[in-house]
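Chain identifiers are assigned alphabetically (A, B, ...) following the order of the sequence lines, protein sequences preceding nucleic acid strands; residue numbering begins at 1 within each chain. Because the structure is a prediction, the values reported are computed rather than measured.
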Amino acid sequence: MESNAGTTETRSNLTASDGGEVTAFESLQFTDKIHRLILAPTTDNASSFTALLELPPPQAVELLHSPDSPKLIAASPPNVEVFEGSFRFPSNTGLIERDARFSVFSGEANNSNEKRNSPESKNVIANLEKNVKTEPAETESSQPTVEKRSIKRKNRENKVKGSTKKSKTAANESSEDAEKLPYVHVRARRGQATDSHSLAERARREKINARMKLLQELVPGCNKISGTALVLDEIINHVQSLQRQVEFLSMKLAAVNPRIDFNLDSVFTSESGGSLMDSNFPSLVMPAMWPEVQGNGHTQQYQHQWHLDALQQPVWGREEVCNNYITPENSLLTYDSSANSATLQANQLKMEL
Amino acid sequence: MNKYNPDRMNPSSLRSRFTTRFLRNLSKIHAQKPSSSSSPAEIFRRYRRIKVAADKSMAYSVRSRRTWSRAMLWKLRTRPCSTSIRKTRHEKQNKNRTTTATTGEDRVGFGVEADELRELVPGGEAMDLCNLLHETAHYIKCLTTQVQVMKKIADFYSP
């Protein structure tokens, strides 16, 4: 109820903006269309107003004409194909009349509004003829059938017509759900089947295509390839090459003879707060041959993240210096200083990384 | 101060987490063996261990947020110690998943390649195509990070 009130308010605003001058000609057009609506398809599936009203066609037309004719004439049939997902039946006749009036005024210019209005205006007519109190039960019972029939008509019109109107086909499922559950709005394009299975499949396919696009962006050189099979082949090749690269690099790292003793455990723990770092401080402070390194490194920076925010220019310079120092270390220096150099080198590595 | 270290920008990024763990494991491996040996067998053994360490660090960096990392962690855990209990329980789960995973519609058009991809991505056998693509994207991203980090380490320690 509330959503309908909201939509009716918007529609009333639009009526003000559109300017509601109903010419007699327009009303005649609509009555002609109504005639066609009522008389033509009664034979096949009785999905017209008359089924709703349970009256023979001419009397229905009379009923249409009896009150203010512009108000009650529904939107033109060619645009009937679309349904809004959730239907709320207004029991407030004032709102109903406003809806009907707007549906007449908007004509064929405003498809989206008509889409909203057409089902409700149909029900409007039914409501106004019957007692307002009894309408909810009856209209809700008749509404699913009406929807289904009109959906069938919509399907036919979809295939027949040359227009490019899109229809919301979630009404199929929503009519059974009856405005309870949220659902996905899927637009069925012209000529496509609208049953729930194909809808779900189409949604899946679109999801898969979206993910394929992401993958294409990830894998270099995949953008130019068209065709999903080739793209998949390219992706497979890329994954294989990456795995092989990992293997190759690990082989390389195994073969590298670490000239320094790796003692990086204690230094590389960023999670363990300050305690481990404190234990490192004396060892780092000790060696006299690395004075420039200790300049800014070892204070609180270790505590949080142990990626140094040291400057890069000294890093490059330091690297060369360190390399010169490495080889003598292996032979001459003791474990402590080798550990220090290892930690310092690890720092530099971190900085590079 | 300019921050040249990209890992400092986001210390909890995948790259920095992986780097931390991997370096730690690497140092452990290097500390275990005597540094003088360079026989091929020794190197091969080390290589296996380093490879495992790399995969393990990557999987641990991702935790259980992705299916492939969970599958990889499970594989790493059950490989050394083959306890029958764990295997049968997990195999049952895998079987349940495989029966429900692939529908006829998904197979159409992607049959051969999807199976190959499933073999490549850990844990891919029990996923439908949609999730498989999602996992593949994340797996590729993690693999590239791994390769970059390892490349930098290798370049650093070799002359």
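- Closest non-hydrogen pair, B:Met150 versus A:Val246, comes out as CE-O, 3.8 Å.
- Evaluation of the ring pair (Phe, Tyr, Trp, His ring centres under 6.0 Å) rule for B:Tyr60 yields no partner, not counting sequence neighbours.
- Between A:Gln243 and B:Tyr139, the shortest heavy-atom contact is NE2-OH, 2.8 Å.
- Heavy-atom neighbours of chain B within the stretch residues 213-225 of chain A, taken at a separation under 4.5 angstrom, comprise A:Leu215, A:Leu218, A:Val219.
- Contact of the A:Lys252 side chain with the B:Asp155 side chain is registered, since non-hydrogen atoms from C-beta on lie closer than 4.5 Å.
- Taken from CZ in B:Arg48 to CD in A:Glu247, the straight-line distance is 8.0 Å, to the nearest 0.5 Å.
- Across all their heavy atoms, B:Ala154 and A:Leu253 have their closest contact at CA-CD2, 3.8 Å.
- A search for salt bridge (Lys or Arg N to Asp or Glu O under 4.0 Å) contacts involving A:Arg244 returns nothing, not counting sequence neighbours.
- Interatomic distance, B:Glu116 CD to A:Gln240 CD, rounded to the nearest 0.5 Å: 7.0 Å.
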(message) Working note: A:Leu232 + B:Leu133, criterion side-chain contact (heavy atoms from CB on, under 4.5 Å); need CA distance, chi angles, decisive distance, verdict.
(response) CA-CA 10 Å; A:Leu232 269 182; B:Leu133 292 178; 4.3 Å; yes
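- Rounded to the nearest 0.5 Å, atoms OG (A:Ser250) and CD1 (B:Ile153) are 11.5 Å apart.
- Shown here are the side chain to side chain contact (heavy atoms under 4.5 Å, CB included) partners of B:Asn131, two or more places apart in sequence or in another chain: A:Arg211, B:Met127, B:Asp128.
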(message) Let's go through B:Ile140 and A:Ile235 carefully: what are the C-alpha distance in whole Å and the side-chain angles of both, what is the deciding distance for side-chain contact (heavy atoms from CB on, under 4.5 Å) to 0.1 Å, and is it a yes or a no?
(response) CA-CA 9 Å; B:Ile140 286 177; A:Ile235 291 171; 4.1 Å; yes
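- Considering all non-hydrogen atoms of both residues, B:Val147 and A:Leu242 come closest at CG2-O, 3.9 Å.
- Considering all non-hydrogen atoms of both residues, B:Leu117 and A:Ile236 come closest at CD1-CG1, 3.7 Å.
- In this structure, CE in A:Met212 is found 8.0 Å from CG in B:Leu129, a value given to the nearest 0.5 Å.
- Here B:Thr144 contributes atom OG1 and A:His238 contributes atom NE2; the two are 7.0 Å apart, rounded to the nearest 0.5 Å.
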